[in-house]
Amino acid sequence: SSSINSIIKRAANKKIPVIVEPAAEEKVMGLLDLMNPKQQSKVLKNTKFGGETVTLYRGIKDWHKGKMVKDKNFVGPTGGVGVYEGSSRLFTSGRRSFGENYATSSWGYPLGRGHSSRLLEFEVPLAWAKRHGVTDHWYGKVISGHKGRPQTYTKLSDPFVRKSDIPKMNEISFEKLPTAFLKKVHK
């Protein structure tokens, strides 16, 4: 494990591309979690995961330059809609239409003029999404939700969650999402 860590760090420092085979993804993901954010970013920038990936979408109503990324990771807003401090959950969706709807409307009503809405498209290694993602999709423990209503959240690593489920999910949240996974910004 320390030899893999050493090889990955040296490859990142010298900007040598690293291809991680599916069988080694879990081990590499565990090592990434131990690295500081700057090291993680370098490694992710030069790493191609050989395993499966999933496409996730994040609709943003307003672009908050300099506040949506912290330590090379996209972070969620705190303190209410549009306030960025980087400690709240970052919500994405496996459904493009859901991300587009969030970016362009508020509770079904068009946003009107003056909004700088965007749709962020991410290509995320399935192993990373399963390790860090949480969904309210179908299964899991019931916890206290908004205004006391019960809400269900399940880790994507739950054995019942299959890759084929992810594109159907309205909501998948993370504490952070590395900028290296950003594929495209749609205006």
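Not measured: the values here are computed from a predicted model. One is the number of the first residue; the rest follow in order along the sequence. Computation of the quantities below employed the complete heavy-atom set of this structure, encompassing side-chain atoms and omitting hydrogens, waters and symmetry-equivalent molecules.
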Please give me the minimum heavy-atom distance between L156 and V134, naming the atom from each residue. CG-N, 4.3 Å

Given side-chain contact (heavy atoms from CB on, under 4.5 Å), test I172 with I166 step by step and report yes or no. CA-CA 8 Å; I172 301 168; I166 294 173; 3.8 Å; yes

Less than 4.5 Å apart, any side-chain heavy atom of Q39 and any of I8? no

Below 4.5 Å, heavy atoms only, C-beta onward: do F91 and R89 meet side chain to side chain? yes

For E25 versus A127, what's the shortest heavy-atom pair and its separation? OE1-CB, 3.2 Å

Take atom CG of L34 as the centre, draw a 6.0 Å sphere, and report whether it contains more than 12 heavy atoms from other residues, nucleotides or ligands. yes

What heavy-atom pair brings S93 and F98 nearest, and what distance separates the two atoms? OG-CB, 3.4 Å

Under a 4.5 Å cut-off applied to non-hydrogen side-chain atoms, are M35 and L32 in contact? yes

Within a strict 4.5 Å, meaning less than it, do heavy atoms of the E171 and T92 side chains meet? no

Honestly curious: do Y57 and V69 fall in one hydrophobic cluster under the side-chain, below-4.5 Å linking rule? no

Any chance you could lay out the side-chain contact (heavy atoms from CB on, under 4.5 Å) test for D33 and H132, step after step, and finish with the verdict? CA-CA 10 Å; D33 289 343; H132 298 282; 3.1 Å; yes

Step-by-step side-chain contact (heavy atoms from CB on, under 4.5 Å) determination, E123 to L56: CA-CA 7 Å; E123 196 68 28; L56 299 176; over 6 Å; no

Quick one: does any side-chain atom of T179 pair with a main-chain N or O of K72 as donor and acceptor, under 3.5 Å? yes

R10 backbone acceptor or donor facing N13 side chain under 3.5 Å: no

ILVMFWY network linking I7 to V20, side-chain heavy atoms under 4.5 angstrom: no

Is a salt bridge present between K184 and E121, judged by a nitrogen-to-oxygen distance below 4.0 Å? no

So, do H186 and R118 sit near enough that their side-chain heavy atoms are less than 4.5 Å apart? no

Please confirm whether the ring centroid of F181 lies under 6.0 Å from the ring centroid of F74. no

Any salt bridge between D158 and K155, counting N to O under 4.0 Å? no

Pairwise side-chain contact, N170 with R95, heavy-atom cut-off 4.5 Å (strictly under): yes

Distance-minimising heavy-atom pair for A11 and V18: CB-CG2, 3.4 Å

Spacing of CD belonging to E52 relative to NZ belonging to K130, to within rounding of 0.5 Å: 9.5 Å

Please answer: with hydrophobic residues joined when any side-chain heavy atoms are less than 4.5 Å apart, are F174 and V185 in the same cluster? yes

Would a line drawn from the ring center of W128 to the ring center of F122 be shorter than 6.0 Å? no

Hydrophobic clustering (ILVMFWY, side-chain heavy atoms < 4.5 Å, transitive) - are V54 and L90 grouped together? yes

Close side-chain approach of R96 and P167, heavy atoms under 4.5 Å: no

Intermediate values then yes/no, salt bridge (charged side-chain N to carboxylate O under 4.0 Å, His left out), D71 and K176: CA-CA 10 Å; D71 295 326; K176 59 187 178 181; over 6 Å; no

In a check of side-chain contact (heavy atoms from CB on, under 4.5 Å) between L182 and each of L120, L177, V124, which one passes? L120

